[in-house]
Amino acid sequence: MMLTALGLMSGTSLDGVDVALIETDGKQVKAFGPSGYRPYSPAERNLLRQALSEAVHLPQRDARPGILAEAERAVTLAHAEAVAAFVAQNRMKPEDIDIVGFHGQTVLHRPERRLTVQIGDALALAKAIHIPVMHDFRAADVEAGGQGAPFVPVYHRALANSLAREGPIVVVNIGGVSNITYIDGNDTLIACDTGPGNALLDDFMYRTMNQAFDTEGKFAALGKADEAWIARALELPFFASPPPKSLDRNDFVALKLGDVPPADGAATLTAFTAAAIARVIPLLPRRPRSWIVCGGGARNLTMLRLLRERVGTATVEAAETLGWASDAIEAQAFGFLAARGLKGLPLSYPSTTGVPMPMTGGVIARP
């Protein structure tokens, strides 16, 4: 049975709430619907940055001390506003939507402690929007010993299988953290985080230029990357460890560039992201034939160019060129995951998160 599923995603880049509608049975996508976006205000973004700092000391996943309670209310309200605006703009009614997939805002991801924390009150959201909400997608995986990330591979596979092209295909999502999904036919699905995505670069741009990000990579294009710094950074044990593996947004904040011109700093961090993605190639079963880039990094032309330089003869293309809605893919994915969760289908696998067996997940909050 096909479901009309609305996916919501607020990623580690802290830019805002993505909304996307799909029609799916949890195995394939029958149709893509419209998408929307509700940006976080500067005040909301600052609140979330504070929440990220305070969450480092969280003892358990349901604790909301101090600023975290305020941040959770803000996240919930922003998502409710995003859904209300989307429904109004597209002349829909709540009853037109079967299920909402609500990821929430990750503030801590520590799978080695069997702890992952996404803030956002799903019950309050369901009551505000009058639609059932599936949430808490990662908890079951982490509790079972999985990495709890990345969680979009099953959706990447559904998209890639619709392409008439020979594999292996790698779908790269460059958000705050970068992750890849390696797809080679129906049987081989491998995924992992590869390293920093836009997080280090965005934080650097905010700190040095008071800009949220480097538009199209134009600023990095003016600078010169410090290849020696990148080589040292890639010696961290994470980069040599095989998939599956995952990261917290702040796992690389200890890497300091030192006193460098801002353009050189941006160039170095952009090149570091590309190099970290390419570093996964020796860890994969076969060398990929094509790389499809989605997420915010797909709009960074300098990052795409640097990735092309590092992956040899393989093609590198932005997801948009294939007709995929790059900005909406993660939101679409959580609509897809909500449909899978409703049907008890696996959301994660040993080869994507390291979980001992294929795991379903998600919890339903009803209005």
Side-chain angles (χ1 to χ4, degrees), residues 5-20 35-89 94 97 99-110 115-140 142 148-149 151 175-177 199 202-203 206 212 248-250 330-331 334-335 337-338 341 361-367:
L6 187 69
L8 306 175
M9 183 65 195
S10 174
T12 48
S13 295
L14 308 180
D15 51 353
V17 180
D18 290 307
V19 185
S35 59
Y37 176 63
R38 192 273 194 195
Y40 284 134
S41 68
E44 288 167 336
R45 200 172 289 127
N46 286 337
L47 178 62
L48 292 175
R49 288 181 191 277
Q50 291 176 57
L52 282 167
S53 297
E54 291 199 13
V56 171
H57 307 295
L58 276 177
Q60 58 205 49
R61 58 190 309 273
D62 58 354
R64 299 290 185 269
I67 204 81
L68 283 156
E70 184 185 346
E72 181 160 75
R73 285 191 295 273
V75 165
T76 306
L77 179 61
H79 281 74
E81 289 177 354
V83 173
F86 177 87
V87 168
Q89 285 163 5
I97 299 167
I99 188 73
V100 167
F102 174 42
H103 177 266
Q105 181 70 55
T106 297
V107 292
L108 185 68
H109 186 66
R110 285 282 175 255
L115 183 64
T116 185
V117 182
Q118 287 76 40
I119 59 173
D121 186 333
L123 183 58
L125 178 62
K127 288 180 175 176
I129 64 176
H130 311 293
I131 306 168
V133 172
M134 180 163 280
H135 65 110
D136 219 6
F137 291 93
R138 300 182 191 271
V142 170
F151 245 58
V177 168
D202 289 353
D203 290 350
Y206 181 73
D248 181 84
R249 181 189 191 278
N250 291 328
E330 278 202 283
F334 279 93
L337 290 169
V363 178
I364 294 186
R366 299 193 182 275

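FYI, side chains are in, hydrogens and waters are out, and symmetry mates aren't considered; it's all heavy atoms of this structure.
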Chemist: Show every salt bridge (charged side-chain N to carboxylate O under 4.0 Å, His left out) that has at least one partner inside residues 76-89, sequence neighbours left out.
Modeler: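 Those involving residues 76-89 are Arg38-Glu81.
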Chemist: Distance-only criterion, 3.5 Å: show the donor-acceptor pairs between side-chain atoms of residues 115-133 and protein atoms not counting sequence neighbours.
Modeler:
| unit_1 | atom_1 | unit_2 | atom_2 | d |
| --- | --- | --- | --- | --- |
| Thr116 | OG1 | His109 | ND1 | 3.0 |
| Thr116 | OG1 | Gln118 | NE2 | 2.8 |
| Gln118 | NE2 | Thr106 | OG1 | 3.2 |
| Asp121 | OD1 | Leu123 | N | 3.2 |
| Asp121 | OD1 | Ala124 | N | 3.0 |
| His130 | ND1 | Lys127 | O | 3.4 |

Chemist: Taking only residues two or more places apart in sequence, or in another chain, which ones meet Arg49 in a salt bridge (charged side-chain N to carboxylate O under 4.0 Å, His left out)?
Modeler: Asp203
Chemist: So which heavy atom on Leu58 is nearest to which on Pro65, and how close?
Modeler: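 That would be CD2-CD, 3.5 Å.
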Chemist: Main chain of Ala74, side chain of Glu44: is a donor-acceptor contact present, judged purely on distance under 3.5 Å?
Modeler: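 The answer is no, because no donor-acceptor pair under 3.5 Å joins these two groups.
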Chemist: Would you compute the distance between atom CZ of Phe334 and atom NE2 of His103 and round it to the nearest 0.5 angstrom?
Modeler: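 Phe334 CZ to His103 NE2: 4.0 Å, rounded to 0.5 Å.
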Chemist: Hey, mind stepping through Leu48 and Tyr40 against side-chain contact (heavy atoms from CB on, under 4.5 Å) and telling me if it holds?
Modeler: CA-CA 10 Å; Leu48 292 175; Tyr40 284 134; 3.5 Å; yes
Chemist: Applying side chain to side chain contact (heavy atoms under 4.5 Å, CB included), name anything that partners Ser53, two or more places apart in sequence or on another chain.
Modeler: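 Partners of Ser53 by the side chain to side chain contact (heavy atoms under 4.5 Å, CB included) criterion come out as none, since no residue qualifies.
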Chemist: With sequence neighbours excluded, give me every salt bridge (charged side-chain N to carboxylate O under 4.0 Å, His left out) pair touching residues 6-18.
Modeler: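 Qualifying pairs, neighbours excluded: none.
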Chemist: Which residues satisfy the side chain to side chain contact (heavy atoms under 4.5 Å, CB included) test with Gln89, sequence neighbours excluded?
Modeler: Ala85
Chemist: Which atoms form the tightest heavy-atom contact between Ile67 and Gln50, and what is the distance?
Modeler: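 The answer is CD1-OE1, 3.6 Å.
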Chemist: Would you say the side chain of Leu14 lies within less than 4.5 Å of the side chain of Leu52, judging by non-hydrogen atoms?
Modeler: yes
Chemist: What side chain to side chain donor-acceptor pair (under 3.5 Å) pairs are there with at least one residue in residues 57-66, not counting sequence neighbours?
Modeler: Gln60-Asp62, Arg61-Asp136, Arg64-Glu72
Chemist: Would you indicate whether the side-chain heavy atoms of Glu70 and Leu47 approach each other to under 4.5 Å?
Modeler: yes
Chemist: Start with the C-alpha distance between Val83 and Val17, add both sets of side-chain angles, then the distance that settles side-chain contact (heavy atoms from CB on, under 4.5 Å), and finish with yes or no.
Modeler: CA-CA 9 Å; Val83 173; Val17 180; over 6 Å; no
Chemist: Please list, chain by chain and in numerical order, all residues satisfying ring-ring contact (aromatic ring centres under 6.0 Å, His included) with Phe151, sequence neighbours excluded.
Modeler: none
Chemist: Tell me, which pairs form a ring pair (Phe, Tyr, Trp, His ring centres under 6.0 Å) where one or both residues lie in residues 64-87, sequence neighbours left out?
Modeler: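 Applying ring pair (Phe, Tyr, Trp, His ring centres under 6.0 Å) to every pair that reaches into residues 64-87, excluding sequence neighbours, yields His79-Phe102.
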